Amino acid sequence: MRLWHLSLAILILGVIMSIVRDPAGRVALIVFVTGLGETVLGLAAVMALFQTIGAIGMARGLVDHAEAVAATTLVLLAATAVMSCWLFMGAWLIQATVP
């Protein structure tokens, strides 16, 4: 870690701590982090979904097709569960923050 990394980390931490002092800043920061997390999780889910759908097309036998369909189902269920948990956690944080 170089000195400018440390300086940048301290600057970002200072900005975040000054934003958090105001209730509106807390809500804005929670909404930003929740939205950023949803975007990252959604992108990862779509990339995994494309990979599993590609596996359906590449399958040769019945067992390969079943495995690819099971993987697609698992990706859809896991992505939905994780993204819903992240969204509800952000909503819970906002409810806990706002008096």
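For the single chain, residues carry numbers from 1 onward in sequence order. Please read these numbers as outputs of a predicted model, since none were measured by experiment.
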Output side-chain donor-acceptor pairs under 3.5 Å for residues 15-32, partner residues at least two apart or in another chain, one line each.
residue : atom : partner : partner atom : Å
S18     : OG   : G14     : O            : 3.3
S18     : OG   : V15     : O            : 2.8
R26     : NE   : V20     : O            : 2.8
R26     : NH2  : R21     : O            : 3.4

Q: For side chain to side chain contact (heavy atoms under 4.5 Å, CB included), just list the numbers for I12 and L8, CA-CA rounded to whole Å, side-chain angles, deciding distance to a tenth of an Å, and then say yes or no.
A: CA-CA 6 Å; I12 290 172; L8 185 65; 4.0 Å; yes
Near E38 CD, under 6.0 Å, is it more than 12 heavy atoms from other residues, nucleotides or ligands?
yes
Kindly work out whether a path of hydrophobic side-chain contacts (I/L/V/M/F/W/Y, heavy atoms less than 4.5 Å apart) joins W92 to V98. yes
Quiz prompt | Flag side-chain contact, heavy atom, 4.5 Å: W86 against V82 | solution = no
Taken to the nearest 0.5 Å, the spacing of L93 CG from T97 OG1 works out to 6.0 Å
A70 meets the side chain to side chain contact (heavy atoms under 4.5 Å, CB included) criterion, sequence neighbours left out, with none
Sorted by chain and residue number, the side chain to side chain donor-acceptor pair (under 3.5 Å) partners of T72 (sequence neighbours excluded) come out as T52
Do you reckon I53 sits in the same ILVMFWY cluster as V75, going by side-chain contacts under 4.5 Å, direct or chained? yes
Taking M89 as the starting point, is it possible to reach M83 by hopping between hydrophobic residues whose side chains are less than 4.5 Å apart? yes
Do T34 and F88 have side chains that approach each other closer than 4.5 Å (heavy atoms only, starting at C-beta)?
no
Do L49 and M58 share a hydrophobic cluster (ILVMFWY, side-chain heavy atoms under 4.5 Å, transitive)? no
Q.
Please tell me whether V40 and V33 are part of a single hydrophobic cluster in this structure, the criterion being side-chain heavy atoms less than 4.5 Å apart.
A. no
Rounded to the nearest 0.5 angstrom, the CG-CG distance for L41 and L36 is 9.5 Å
